[in-house]
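See structure below.
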Amino acid sequence: MTKYIIKRLLGIIPTLLVIITISFFIVRVAPGGPFDGERALPEVVKRNIEAKYHINDPLIMQYGRYMFDVLRGDLGPSYRYKDHDVNFYIFESLPNSMILGVIAISISIIFGITSGMLAALRQNTWVDYLSMAFAVIGISVPLFVIGPVLQYFFAMKLQWLPTSGWFTSGDGWKTVILPAITLAFAHFATIARLTRSSMLDTLRSDYIRTAKAKGMKNSTIIFKHTMKGTMLPIVSYLGPAFAGIITGSVVVEQVFRIPGLGKFFVQSSFNRDYTLIVGVVIVYSVILVIMNFIVDILYSLLDPRITYK
Amino acid sequence: MSNGNSLKTYKNLLEVRDLRTHFKTDAGIVKAVDGISFTLNEGETIGIVGESGSGKSVTNLSIMRLIQSPPGKIVGGEIIFENKDILKLSQRELRHIRGNEISMIFQDPMTSLNPFLKISTQMVETIRLHQNISRKEALAKSIDMLKLVGIPAAEERIHNYPHQFSGGMRQRVMIGMALSCEAKILIADEPTTALDVTIQAQILELIQELAKKLNTAVILITHDLGVVAGMCDSVCVMYAGKIVEKAKTEKLYAHPAHPYTDGLIQSVPRLDKAHDGKLFSIKGQPPNVIDLPDCCPFHPRCHKVMEVCRHHYPPTKDLGDGHEVSCWLYIDKKEHPDA
Ligand SMILES: Nc1ncnc2c1ncn2[C@@H]1O[C@H](COP(=O)(O)OP(=O)(O)OP(=O)(O)O)[C@@H](O)[C@H]1O
Ligand SMILES: [Mg+2]
């Protein structure tokens, strides 16, 4: 197992190198560039910029220089924002997205698994219909609707919570609640539906029939015999979902004015801010690869048929 | 209750009377089991044979009340075990019977054990469910059971997971687990269908041997009449949710009464009878048990079909010595209803 873990961790490095390389070239192949303004730049400015970003060097040299920097942990200067480099923007905003994401995913796991299980155990009763109705809402209503609706009721009407802002705005932890619930909604819905169908499958399986034929209590059957089988598909969903949610959501950040990482995914593309684009891609890939790794480990802990050597 | 007196009272260990189990499906009501009666005596082995879909599994799942509901429902009948109707028991009383008084082995050993739990966990929990003994004692007993069913190195293998066993070994584990609480009845639903032919005989012999040793009555479900001949004291032949013939095994083989039974026996390949290289088979398909009209369901395939068979289900006739058959051939012409 230890050997497997080390092997997997080493395997992550080439994966990341490939991702970085591909994104480095793809952003530069796409039409447009960071300095294609509407006005023509004065010759001097243009020369300065070209010198700073080494734009006139052959691409392969730019690539070599960039890789060298990345390996030392430097994601380079932003092509757009002049005050700070890419590292600064990412490490300033990522923790905010992570806090929000972890809270949101926890909410969706707790409520999703609970309501999915209840729905499966009370199949075709009002419990089932209610929680699946909730799930359908969560899946089909977009975040930019859910967010403002929550703001309207809980912030404006009831005045329980602030409409927007983040810890620094003076409202403290209260600012996290509404955006976390909004962000949790979509994942709650998927987790609830996944749990329901996975649990129903497990309950129908032959080995559960065996457990019943042995005279076991329903509660024991559910907790001892169905849990692991039920959790497998949910674990594999949660890996990538977790990576997505902790790297921020543009919509939720906009609606609640949160200084998160999400906006950089969109803005950097509009700006053709090459280094920032590749920077956020790297951050996302690293988190995704780590999450997949954790999923695999969890899988082998849950399912004895899977062994890694 | 194990004194001699009660043994005598329980000579009839299990009595199934007019059991009816139906399934509600989109296409209509499936009368999977429709009015079945039979009796199982202590220490006896009876066979239930019939084609696929005839209702063998549903019969036995009904005895354990393991029918998925919905869509299934036991709509009528009684299942008397030790003077009590299983169909009327509370969940608690039912749990006392399941695995303890009546246990079950299923068709597919590959999927019938929980893949996520060690064999030891699954065996120990069964024993501790019904016997008030410590975990350690239960483990020792489980190991003894595994040895009894012929698992080599049982002390070590018991800590393995099901996927580390072959199909035959898993079925042995299932048998060991099913018999670990000294159940009075063992229901074996095609216990060897999923296994290699070479292993089939071993498993059946094992069931037979243990049943004798532990004085367990056995209901053996199979579609293989050859197996029945070797193991069962009596046989019920099922067709389309009904028992069409019931007899002591030798009787059934020597004098099959129902044309369907006759066909089944003739279609067993035999070496001692010359044949022209072709195997006998019953023509046609088993009927669809959805919305069956009130006729003999076998009549479209029967070579002795009469007009009455197309319109009325035959009453059951006792040919003597417990040999019962449901076929118009054995009913006096005068008693036939007007077609
Ligand atoms: N869950 C269910 N829903 C609907 N119909 C069912 C269900 N389970 C069984 N049936 C129907 O009941 C009938 C009897 O099925 P059963 O499983 O008892 O057959 P069987 O004699 O055991 O056959 P086999 O030899 O294939 O195991 C079949 O027609 C089947 O379609
Ligand atoms: Mg069956």
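Within every chain, numbering begins at 1; the chains are lettered A, B, ... in the order of the sequence lines, protein sequences first and strands thereafter. Worth knowing before you read on, the calculation uses all heavy atoms, side chains too, and leaves out hydrogens, waters and symmetry mates.
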A:Arg305 NZ/CZ over B:Tyr161 ring centroid, <6.0 Å and within 45° of normal
no
What closest approach, in Å, do [X] and [Y] show between heavy atoms, and which atom pair accounts for it?
{"X": "A:Ala213", "Y": "B:Met104", "answer": "CB-CB, 4.4 Å"}
{"X": "A:Pro304", "Y": "B:Pro115", "answer": "CG-O, 3.0 Å"}
{"X": "B:Leu129", "Y": "A:Lys214", "answer": "CD2-O, 3.4 Å"}

Chain A: which of B:Met64, B:His163, B:Gln107, B:Met177 shares the most heavy-atom pairs with it under 4.5 Å?
B:His163
Take A:Asp303 and B:Phe116 through the side chain to side chain contact (heavy atoms under 4.5 Å, CB included) test and state the conclusion after the steps.
CA-CA 6 Å; A:Asp303 192 341; B:Phe116 301 106; 3.8 Å; yes
Test side chain to side chain contact (heavy atoms under 4.5 Å, CB included) on A:Lys224 and B:Glu125 and set out the steps.
CA-CA 10 Å; A:Lys224 195 169 174 187; B:Glu125 76 179 1; 2.8 Å; yes
Part of [X] within contact of chain A (heavy atom distance under 4.5 Å):
{"X": "B:Leu66", "answer": "side chain"}
{"X": "B:Ser103", "answer": "neither"}
{"X": "B:His96", "answer": "neither"}

Which bit of [X] comes within less than 4.5 Å of chain B, counting heavy atoms only: side chain, backbone, both or neither?
{"X": "A:Ile208", "value": "neither"}
{"X": "A:Leu232", "value": "side chain"}
{"X": "A:Met216", "value": "both"}

Less than 4.5 Å apart, any side-chain heavy atom of A:Arg209 and any of B:Leu61?
yes
Can you establish whether the number of heavy atoms outside [X] located under 6.0 Å from its atom [atom1] is more than 12?
{"X": "A:Phe134", "atom1": "CZ", "value": "no"}
{"X": "A:Arg193", "atom1": "CZ", "value": "no"}
{"X": "A:Phe111", "atom1": "CZ", "value": "no"}
{"X": "B:Lys141", "atom1": "NZ", "value": "yes"}

At what distance, to the nearest 0.5 angstrom, does OG1 of A:Thr210 lie from CD of B:Gln122?
8.0 Å
How many angstroms lie between CD in B:Gln68 and CG in A:Leu203, if you round to the nearest 0.5 Å?
8.5 Å
Okay, side chain of B:His130, backbone of A:Gly215: is any donor-acceptor separation there less than 3.5 Å?
no
Heavy-atom donor-acceptor pair, B:Asn114 side chain to A:His225 backbone, under 3.5 Å
yes
Answer key: most heavy-atom pairs under 4.5 Å with chain B among A:Met227, A:Arg204, A:Gln123, A:Lys212 is A:Lys212
